[in-house]
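Report on the following structure.
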Amino acid sequence: MSVYRLNKLIRLAPNMTASGRYTTAMQPQRHNTSHSAQAANSPAGHTAFKTLAISTPKPFVFHVELHRPNKLNAINKQMWLEIKNCFEELSTNPDCRAIVLSASGKHFTAGIDLSDMMNLGQQLADTDDCARKGYILERVIKLYQDSISALEQCPKPVITAVHQACIGAGVDLITASDIRYCTQDAFFQVKEVEIGMAADVGTLQRLPKAIGSQSLARELCFTGRRFEAAEAHACGLVSRVFADKDSLVSGALALAEQIAQKSPIAVQTTKANMVYSLEHTNQQGLDHIRWYNKLNLQSEDFAQAVAAQLTKDEKPIFAKL
């Protein structure tokens, strides 16, 4: 629908009944693919993963599960790589509009796989030169940083659903997401200081912004103390707490489905501007959204959504992006 047609509809809207229908000349097709829950290993036509389980339980909603339950979903090098690859692929998948990230097994994640760290230590032992050791470590750290940042850089909203333990790298992971839910039995821990290192893949940068308190963030990061779901909710790290894992995942998927029904242009522009505005002044954020919306306000999505609101019509069906 063009802006001209929208203006025409606005003029006609008062004469239409609440059940009046308005049909555009280019109505997007409904997404007719079956979306019953499935145990797919990867998005259709995309990479097969060994440490992640991927399904599409609802239209335009992808469910990504950390899937090393026998290792408490400890994040090894393969999982780091697969998280990065998965979210980069979903970033451009037109069938994906919202993502739920949860985990199989007893815990969300026990954090970084320490056996991987031992293997890295052996690799470092192969050279005596500190500069060359530094180059090896720089590449590894950058890879892990990019893996976590893939959630933030993904234009689709990411909802994390945490049950039981979320330790170390798990906190890095969830703070890069957009929305965080957890169970009543969930607990969190910035564990890195307890293994003699500073967190280096996102927690120190994102946790203070997520909870809005430098004092509490520094306490948690300096001490490595465990904090429970009630405290995580009170400080804003999570926005909802559920009784158990089943209700948690159901709640996260319901939210993802609600988001996926909105205009993908509107949702993805909203995420892009909110992420951008975290690191920029209010005026820079306003400039950023103005540049987006001078194009987006001419879109079919905007015209359809306004028409549906004016006519009290069925929810609009938006074309893939």
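Please read these numbers as outputs of a predicted model, since none were measured by experiment.
- A distance-only check finds a donor-acceptor pair linking the side chain of S299 to the backbone of N296 [under 3.5 Å].
- Transitive grouping of hydrophobic side chains (ILVMFWY, heavy atoms separated by less than 4.5 Å) brings V267 and L255 into a common cluster.
- Remark: side-chain polar atoms of H233 are not paired, donor with acceptor, to backbone N or O of Q184 under 3.5 angstrom.
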Apply the test salt bridge (Lys or Arg N to Asp or Glu O under 4.0 Å) to residues D129 and K133: give CA-CA distance (whole Å), side-chain angles for both, the deciding distance (0.1 Å), then the verdict. CA-CA 6 Å; D129 184 72; K133 291 178 191 286; over 6 Å; no
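- For the residue pair D244/S247, the side-chain donor-acceptor check at 3.5 Å is satisfied.
- Atom CZ of residue F227 and atom CD of residue E219 lie 10.0 Å apart, to the nearest 0.5 angstrom.
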List the atom pairs, with distances to 0.1 Å, where a side-chain N or O of residues 193-203 and a protein N or O form a donor-acceptor pair under 3.5 Å, not counting sequence neighbours.
residue, atom, partner, partner atom, Å
E194, OE1, K191, NZ, 3.2
T203, OG1, D172, N, 3.1
T203, OG1, D172, OD1, 2.7

Carefully, step by step, assess E231 and R225 under the rule salt bridge (Lys or Arg N to Asp or Glu O under 4.0 Å). CA-CA 12 Å; E231 184 176 3; R225 74 167 174 85; 2.7 Å; yes
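- Side chains of I179 and T160 form no contact here, defined as non-hydrogen atoms less than 4.5 Å apart.
- R68 places a side-chain N or O within donor-acceptor distance of the main-chain N or O of A74, the cut-off being under 3.5 Å.
- Two residues are said to be in side-chain contact when any heavy atoms from C-beta on lie closer than 4.5 Å; I148 and L151 fail this criterion.
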Yes or no on side-chain contact (heavy atoms from CB on, under 4.5 Å) for L52 and E65, after CA distance, side-chain angles and deciding distance? CA-CA 5 Å; L52 304 176; E65 289 182 281; over 6 Å; no
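- Side chain of Q189 to backbone of G168: no donor-acceptor contact under 3.5 angstrom is found.
- Taking T183 as the reference, D185 meet the side chain to side chain donor-acceptor pair (under 3.5 Å) condition, with sequence neighbours excluded.
- Residue Y276 holds its OH atom at 5.0 Å from CD of Q284, rounded to the nearest 0.5 Å.
- In this structure, K106 contributes its side chain and Q164 its backbone to no donor-acceptor pair below 3.5 Å.
- Annotation: D126, atom CG; neighbour count of heavy atoms from other residues, nucleotides and ligands within 6.0 Å is above 12.
- In this structure, CG on L297 lies 14.0 Å from OH on Y292, to the nearest 0.5 angstrom.
- Between the side chains of N73 and T109, not a single donor N or O lies within less than 3.5 Å of an accepting N or O.
- Residue Q283 qualifies as enclosed at atom CD: its count of foreign heavy atoms under 6.0 Å is above 12.
- Contact check for C154 versus I99: side-chain heavy atoms found under the 4.5 Å cut-off.
- C221 places a side-chain heavy atom less than 4.5 Å from the side chain of L207.
- With rounding to the nearest 0.5 angstrom, the CZ atom of F318 is 8.0 Å from the CZ atom of R97.
- Residues meeting the side chain to side chain donor-acceptor pair (under 3.5 Å) test with D116, sequence neighbours left out: none.
- Shown here for I54 and C86, the closest heavy-atom pair between the two residues is CD1-SG, 3.9 Å.
- Annotation: the span from K271 atom NZ to T269 atom OG1 amounts to 12.5 Å, rounded to 0.5 Å.
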Check the pair L120 / V140 against side-chain contact (heavy atoms from CB on, under 4.5 Å), numbers first and verdict last. CA-CA 9 Å; L120 177 60; V140 171; 4.0 Å; yes
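- Side-chain atoms of T51 and H67 form no donor-acceptor pair, as typed in the model, at a separation below 3.5 Å.
- With hydrogens and angles left out, the side-chain atoms of S102 and H63 include a donor and acceptor closer than 3.5 Å.
- Between L237 and T175, some side-chain heavy-atom pair lies under the 4.5 Å cut-off.
- No donor-acceptor pair under 3.5 Å is formed between the side chain of D178 and the backbone N or O of I159.
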Step-by-step salt bridge (Lys or Arg N to Asp or Glu O under 4.0 Å) determination, D113 to K71: CA-CA 8 Å; D113 189 327; K71 299 292 185 181; over 6 Å; no
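- Residues F60 and I259 form no side-chain contact, since every pair of their non-hydrogen atoms from C-beta on lies 4.5 Å or further apart.
- When atom types are taken as modelled, the side chain of S147 and the backbone of L143 share no donor-acceptor pair closer than 3.5 angstrom.
- Between N93 and F62 the shortest side-chain heavy-atom distance falls below 4.5 Å.
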Does the pair K156 and Q268 meet the rule for a side-chain hydrogen bond (donor to acceptor under 3.5 Å, both in side chains), with working shown? CA-CA 6 Å; K156 319 317 174 46; Q268 292 178 39; 5.2 Å; no
I'd like to know whether F188 forms a side-chain contact (heavy atoms from CB on, under 4.5 Å) with I174, so could you lay out the CA-CA distance, the side-chain angles of the two residues, the decisive distance to 0.1 Å, and finally the verdict. CA-CA 10 Å; F188 306 82; I174 68 168; 3.7 Å; yes
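- Clustering ILVMFWY residues whenever any of their side-chain heavy atoms sit less than 4.5 angstrom apart, transitively, puts V158 in the very cluster that holds Y144.
- For the atom pair CD (Q78) and NZ (K50), the distance works out to 5.5 Å, reported to the nearest 0.5 Å.
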The test is salt bridge (Lys or Arg N to Asp or Glu O under 4.0 Å); show your working for K84 and E88 and say whether it passes. CA-CA 6 Å; K84 180 177 183 291; E88 286 178 348; 2.9 Å; yes
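- No side-chain heavy atom of V249 sits less than 4.5 Å from a side-chain heavy atom of Y181.
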